[in-house]
Amino acid sequence: MTLLELARKEGKAKVAIAARVDGVVTDLARPLPDGAKVEWVLPSDPDGVEVLRHSTAHVMAAAVKELFPEALITIGPAIENGFYYDFDVETPFTPEDLVRIEERMREIVKADHPFVREEATKGQARVLFPGEPYKEELLADIPDETVSLYRMGNFLDLCRGPHVPGTARVGAFHLMNTAGAYWRGDSKNKMLTRIYGIAFASKKELDEHLRILEEIKKRDHRKIGRELDLFSVTDEIGPGLILWHPKGSVVRRVMEDFWREEHAKAGYDLVFSPHIARLDLWRISGHTDFYRQAMFSPIDVEGQEYQLKPMNCPFHIQIYKSRMRSYRDLPIRYAELGTVYRYEPSGTLHGLLRVRGFTQDDAHLFLRPDQLDDEIFTLLDFTLFVLRAFGFERYDIYLSTRPEKYAGSLEHWDLAESALRKALERKGIPFEVDPGEGVFYGPKIDIKIKDMLGRSWQCSTIQVDFNNPERFDATYVADDGAPRRAIMIHRALMGSLERFFGVLVEHYAGAFPVWLAPVQADVVPVTEKQNAFAGEVVAMLRAGGFRSEGDFRNEKLGYKIRESQMNKVPYALVVGEREAEVKMVSPRRRGGEQLPPMPVEAFIERLRGESVNRTE
Ligand SMILES: [Zn+2]
Ligand SMILES: [Zn+2]
């Protein structure tokens with residue numbers, strides 16, 4: 001009896017697309033082994049959707065071979081959200097080609113060709129793929145003597161399987177785009193043309209995925225950054241180096257002011273340090289050994305080598321070491337918005353998210369061992385408070401442990417890992433262990449924030465370090481008068497201001513909450529007759545500490561309001577004849593909601609309330 005026959009008997013033939021036989025996902029056409037444990041695989045299961053996606057890749061390859069017989073076939077795996085197949089073709093497929101291929105795929109689906117598994121020796125298989133050199137190469141690499149082939153309609157492919165029973169059972173799919181891809185991912189090999197498709201068990205899921213992709217495109221911080229005039233990257237300055245335009249700079253200043261204020265309240269000392277330092281400093285810190293590939297080349301200054309700083313740590317250690325420290329002085333917390341420079345290959349740079357120069361909201365804490373647990377606990381609280389203020393309420397937390405390449409003693413590593421773990425447990429928040437993902441000098445807690453679309457972004461990090469205090473001999477005088485080694489914590493909450501700003505832009509789609517918005521209220525006179533009063537309103541708002549601009553152009557009211565809305569300004573204050581007479585404004589929210597006319601002072605109070613509540 002085949003699995004399909006069993007499925008029919010159990011009334012599952014219509015829903016199951018494969019079976020898990022003793023844990024192994026298997027074609028329904030295969031025989032039912034004696035005494036095997038069988039579970040049905042549905043298209044909605046993670047295993048099922050993978051079978052479905054991979055089967056769709058076969059359907060696509062079949063369609064391509066029919067339309068472009070000269071195309072050479074290679075491989076076509078399932079991937080997240082879909083599948084791809086790589087072809088060797090003279091000229092890459094055009095978007096019109098993709099439309100034709102997709103149409104042909106729909107015909108193949110309609111014909112409901114079964115996927116038929118065949119087995120052959122490698123010698124026999126070679127004959128079955130005439131003029132397909134990639135299949136020949138794949139065959140040569142398979143260690144087994146017998147290989148499996150799948151026939152679907154006229155299309156034969158070398159494949160391990162499993163697949164859906166017939167083409168009618170593939171789900172909802174759509175071809176997305178093409179890309180160049182080297183054969184076997186090796187740039188020494190020939191460049192192939194890859195077609196990407198998405199595939200889901202239902203049309204509803206496919207549509208939802210397309211909607212999210214559309215939303216991601218709309219929220220792209222590079223696009224919004226251009227539209228709202230927030231920042232730019234130019235060839236003249238160099239890739240990965242950010243120019244903050246006035247509007248973006250306002251947001252940055254607000255972020256920085258908030259950060260400085262809260263750090264002062266939390267007992268941090270704010271410091272500044274230079275952008276370059278002698279290379280020797282980085283030898284002591286271990287960066288030249290462990291971090292060289294991320295550093296720019298040293299600069300020769302009067303025969304001495306200087307290094308553009310990739311990190312702020314050694315500077316803060318030098319400040320700590322500038323005088324004798326007593327156990328009573330600790331903890332000492334130095335915080336700096338420190339700009340660092342790291343070498344990233346140009347191909348990996350991406351808007352604000354991956355750059356070569358960025359400002360870390362960095363801090364280094366110097367502690368006694370007995371302070372470690374409490375300090376980490378307080379720090380966790382502080383981190384989550386800052387993230388919440390920016391509107392991030394959801395996050396994933398990871399505890400990253402000792403990597404293969406590490407500095408320092410095992411004993412110290414264990415102590416540091418346990419301190420981090422204890423803080424997380426005490427705080428009662430779920431976390432995952434990320435084995436081997438710690439920094440070379442110590443373990444860390446990483447917090448990945450989740451944005452509006454549920455995407456994760458690595459931002460905050462808390463790292464314990466016993467190694468640098470040893471390398472730099474950072475000590476304090478203990479209560480018994482003897483010198484003791486301090487423990488260091490490195491931490492950044494937003495991580496990089498550039499990156500965090502990029503995430504904020506995408507999270508809010510450029511519509512920043514009132515406290516962050518570059519302009520908080522546009523004042524819009526209905527006619528030129530109200531320009532004088534509108535000017536007064538702008539002045540009052542500015543005097544109250546708010547960011548306001550007046551639109552005094554001789555344009556229609558609707559046009560000016562639309563433009564304010566396009567600039568994502570939280571409020572447009574309409575000032576007409578009546579408002580000017582009684583010294584009131586008619587606020588209109590960015591979303592279109594019209595508020596009743598109110599005195600300017602009342603509106604200022606409203607803004608003040610929304611700025612304090614931050615996430616409003
Ligand atoms: Zn296959
Ligand atoms: Zn550091």
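One-based numbering, in listed order, for ligands and for the atoms of each.
With hydrogens and angles left out, the side-chain atoms of Tyr150 and Arg117 include a donor and acceptor closer than 3.5 Å.
For the Zn ion (ligand 2), the nearest N, O or S atom contributed by His490 is named ND1. Its N, O or S atom nearest to the Zn ion (ligand 2) is what matters here, and for His364 that atom is NE2. For the Zn ion (ligand 1), the nearest N, O or S atom contributed by His163 is named NE2. Closest to the Zn ion (ligand 1) among the N, O or S atoms of His58 is NE2.
Ionic pairing of Glu132 and Lys65 is present here: one or more N-O contacts between side-chain nitrogen and carboxylate oxygen are shorter than 4.0 angstrom.
Under the 6.0 Å cut-off for aromatic ring centres, Phe83 and Tyr85 do not qualify, their centroids lying 6.0 Å or more apart.
Atom CD of Glu119 has more than 12 neighbouring heavy atoms from other residues, nucleotides or ligands inside a 6.0 Å radius.
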